[in-house]
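Here the structure is a predicted model, which is why all the values come from computation and not from measurement. FYI, the numbering just counts along the sequence from 1. Basis for what follows: all heavy atoms, side chains included, without hydrogens, waters or symmetry-related copies.
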Amino acid sequence: MSDQHSFETLAIHAGNTADPLTGAVVPPIYQVSTYKQDGVGGLRGGYEYSRSANPTRTALEENLAALEGGRRGLAFASGLAAEDCLLRTLLTPGDHVVIPNDAYGGTFRLFAKVASRWGVEFSVADTSDVDAVRAAVTPRTKAIWVETPSNPLLGITDIAAVAGVARQAGVRLVVDNTFASPYLQQPLALGADVVVHSTTKYMGGHSDVVGGALVTGDPELAEELAYHQNAMGAVAGPFDAWLVLRGIKTLAVRMDRHDENATKVADLLTRHAKVTQVLYPGLPDHPGHEVAAKQMRAFGGMVSFRVAGGEEAAVEVCDRTKVFTLGESLGGVESLIEHPGRMTHASTAGSPLEVPSDLVRLSVGIENADDLLADLTQALG
């Protein structure tokens, strides 16, 4: 499949070659652990053991690479498994990483509670401020880590500008592209070295699979990542790989609807008396609006807002919705609502990444927009 094809065509066809035995147009689920060899070392298609490679996972990895415009994609058992593999590939004890002051709680926990125990240090910077990122880089820095849009405050980082800082410092730029998906944003084309995904979210799209991915355009780094993927073993199973591959086929049409609905939700919230602030990069007054408009196709399906009355009022809004489901995660076809301070970002409490207690985060699904607006209106009271 040529990379000259449109995104929508690549999403459906890249990696999805017809089964050579039957002609099945959907790649089979190779639910297998080992493979018959034609003599010692005589591997068929390079397959010997499914931790090292599996045809269903190969199809997904080829698809991921095509969608992000990379040389190689790697599929993992979860987004955090992908992040862990990346950290242990890039870093050694004594190294330093710059991370965002608004990052996913699990990412912060990985740095603060896991990587720090084997000597990796990190510092926090507002990655929307290029000068702040530059100032945070030290002689021991090996990577700059960015989320854009960020989780849960929907901050926007200028990927190309921070890529310039990374190049000048001789360090890697990692971009977590989960909130945008490759349909809305392609960080490698903007100068990133590695893209991270929780494929659980928009890529899978149906709240029925957990997975993660790394994509890079650097062939040497790709080989190092693949070595660690095999050595550490947290790979995507064949059925999970198949589910993500199936979800990706409708990614473009789903993201269009997510964005359309989120725009309407953000507009409603900006006009509601009980909402003190709406965080959505599609709003003209969002501080990252112009950068987002430059580097994204559209603004996505995530909206956060702050509620008048503080933490308890925010929790009550979460409890009162009927169409929005109270739950963690995001990116599924159904709309979700959560209180980050008590749920997804509880691990950041007391740290520079602690989120406001009156914050509510929405993952706006693809239901009828009028139903979503009515639900939020009654929940806010």
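Across all non-hydrogen atoms, the minimal contact from Val291 to Ile156 is CG1-CG2, 3.7 Å. Minimum heavy-atom separation, Glu328 to Leu336: O-CD1, 3.6 Å. Smallest separation of non-hydrogen atoms from Ser207 and Gly332: OG-CA, 3.9 Å. Pairing each heavy atom of Ser329 with each of Thr200, the nearest pair is OG-CG2, 4.1 Å. Across Leu283 and Ala266, no two heavy atoms sit closer than the pair CD2-CB, 4.2 Å. Summarising the geometry of Gly217 relative to Arg71, their closest heavy-atom pair is O-CG, 3.0 Å, with the distance given to 0.1 Å.
Side-chain atoms of Thr22 come within 3.5 Å of backbone N or O of Ala24 as a donor-acceptor pair. Formation of a donor-acceptor pair under 3.5 Å by the Gln186 side chain with backbone atoms of Leu67 is found in this model. Of the possible polar contacts, none joining the Thr148 side chain to the Ser150 backbone as a donor-acceptor pair under 3.5 Å is found. Between the side chain of Asp358 and the backbone N or O of Ala314, no donor-acceptor pair lies under 3.5 Å. Panel note: side chain His286, backbone Gly282; no donor-acceptor pair is recorded below 3.5 Å. Between the Glu338 side chain and the Arg361 main chain, no donor and acceptor come within less than 3.5 Å of each other. Looking only at distances, no side-chain donor or acceptor of Gln229 sits under 3.5 Å from a matching main-chain atom of Leu225. Judged by distance alone, the side chain of Asp19 and the main-chain N or O of Pro27 form no donor-acceptor pair under 3.5 Å. Of the possible donor and acceptor atoms, one in the side chain of Gln378 sits under 3.5 Å from a partner among the backbone N and O of Asp375. Proximity of a side-chain donor or acceptor of Ser335 to a complementary backbone N or O of Gly365 within less than 3.5 Å is detected.
Look at Arg72 and Glu62 and you find no salt bridge, because none of the NZ, NE, NH1 or NH2 atoms lies under 4.0 Å from a carboxylate O. Using a 4.0 Å cut-off between charged nitrogen and carboxylate oxygen, Asp95 and Arg140 do not count as a salt-bridge pair. For the pair Glu290 and Lys294, the salt-bridge criterion is not met [side-chain N within less than 4.0 Å of a carboxylate O]. Using a 4.0 Å cut-off between charged side-chain N and carboxylate O, Arg342 and Glu312 make a salt bridge.
Considering only heavy atoms from C-beta on, Met232 comes within 4.5 Å of Arg88 through its side chain. At a threshold of 4.5 Å between non-hydrogen side-chain atoms, the residues Thr199 and Ile248 do not count as touching. Within the 4.5 Å cutoff, the side chain of Met302 has no heavy atoms near those of the Leu362 side chain. Ile144 places a side-chain heavy atom less than 4.5 Å from the side chain of Val165. A heavy-atom distance below 4.5 Å is not found between the side chains of Asn16 and Ile12. Arg167 has its side chain out of reach of Val162: every pair of non-hydrogen atoms, C-beta onward, lies at least 4.5 Å apart. Annotation: side chain of Arg172 is in contact with side chain of Leu221 (closest heavy-atom distance under 4.5 Å). Proximity of Asp240 to Val210: side-chain heavy atoms (C-beta onward) are nowhere separated by under 4.5 Å.
Judged purely by distance below 3.5 Å, without hydrogens or angles, the side chains of Thr216 and Asp218 never pair a donor atom with an acceptor atom. There is a side-chain donor-acceptor pair under 3.5 Å between Gln185 and Asn177. Thr348 and Ser351 share no donor-acceptor pair across their side chains, judged by distance under 3.5 Å alone. Side-chain polar atoms of Glu48 and Thr34 form no donor-acceptor pair below 3.5 angstrom. There is a side-chain donor-acceptor pair under 3.5 Å between Thr157 and Thr127. If you check the side chains of Glu68 and His197, you find a donor sitting under 3.5 Å from an acceptor. A donor-acceptor pair shorter than 3.5 Å cannot be found between the side chains of Ser52 and Tyr47. Between the side chains of Asp285 and Tyr280, no donor N or O sits under 3.5 Å from an acceptor N or O.
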Check the pair Asp208 / Arg246 against salt bridge (Lys or Arg N to Asp or Glu O under 4.0 Å), numbers first and verdict last. CA-CA 11 Å; Asp208 57 8; Arg246 182 187 66 165; 3.3 Å; yes
Run Val307 and Val275 through side chain to side chain contact (heavy atoms under 4.5 Å, CB included) and show every step you take. CA-CA 5 Å; Val307 180; Val275 174; 5.7 Å; no
List the steps, then state whether salt bridge (Lys or Arg N to Asp or Glu O under 4.0 Å) holds for Asp131 with Arg134. CA-CA 5 Å; Asp131 291 334; Arg134 186 179 291 110; 2.9 Å; yes
When you look at Glu367 and Lys264, which way does the salt bridge (Lys or Arg N to Asp or Glu O under 4.0 Å) test go after all the steps? CA-CA 12 Å; Glu367 302 96 337; Lys264 293 176 181 178; over 6 Å; no
Go through Val120 and Leu87 one step at a time and tell me if the side chain to side chain contact (heavy atoms under 4.5 Å, CB included) criterion holds. CA-CA 9 Å; Val120 170; Leu87 292 184; over 6 Å; no
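Atom NZ of residue Lys249 and atom CD of residue Glu8 lie 15.0 Å apart, to the nearest 0.5 angstrom. In this structure, OG on Ser363 lies 6.5 Å from NE2 on His258, to the nearest 0.5 angstrom. Distance check, rounded to the nearest 0.5 Å: CG of Leu173 to CD1 of Ile159 gives 7.5 Å. For the atom pair CG of Leu60 and OG1 of Thr56, the computed distance is 9.5 Å after rounding to the nearest 0.5 Å. Asp193 contributes atom CG, which lies 10.0 Å from atom CG of Leu86 (distance to the nearest 0.5 angstrom). Interatomic distance, Leu153 CG to Asn151 CG, rounded to the nearest 0.5 Å: 8.5 Å.
Leu376 and Val303 fall within a single hydrophobic cluster, where Ile, Leu, Val, Met, Phe, Trp and Tyr are joined by side-chain heavy atoms under 4.5 Å apart, directly or via other members. Grouping the Ile, Leu, Val, Met, Phe, Trp and Tyr side chains by contacts below 4.5 angstrom, directly or via other members, places Val175 with Val171. At a threshold of 4.5 Å between side-chain heavy atoms, the hydrophobic network of Ile, Leu, Val, Met, Phe, Trp and Tyr places Val174 and Val98 in two separate groups. Put simply, Val355 and Leu279 are part of the same group of oily side chains (I, L, V, M, F, W, Y) that touch within less than 4.5 Å, one to the next. No chain of hydrophobic side-chain contacts below 4.5 Å, direct or via other Ile, Leu, Val, Met, Phe, Trp or Tyr residues, connects Leu21 to Ile29.
A centroid separation of 6.0 Å or more is found between the aromatic rings of Phe305 and His272.
Ring geometry, Tyr183 versus Phe7: the interplanar angle falls from 30° to 60°, so the pair is classed tilted.
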List the atom pairs, with distances to 0.1 Å, where a side-chain N or O of residues 104-118 and a protein N or O form a donor-acceptor pair under 3.5 Å, not counting sequence neighbours.
residue : atom : partner : partner atom : Å
Thr107  : OG1  : Glu83   : OE1          : 3.0
Thr107  : OG1  : Glu83   : OE2          : 3.0
Ser116  : OG   : Ala112  : O            : 2.6

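Just one of Val364, Val323, Val317 meets the side-chain contact (heavy atoms from CB on, under 4.5 Å) condition when paired with Ile337; it is Val317.
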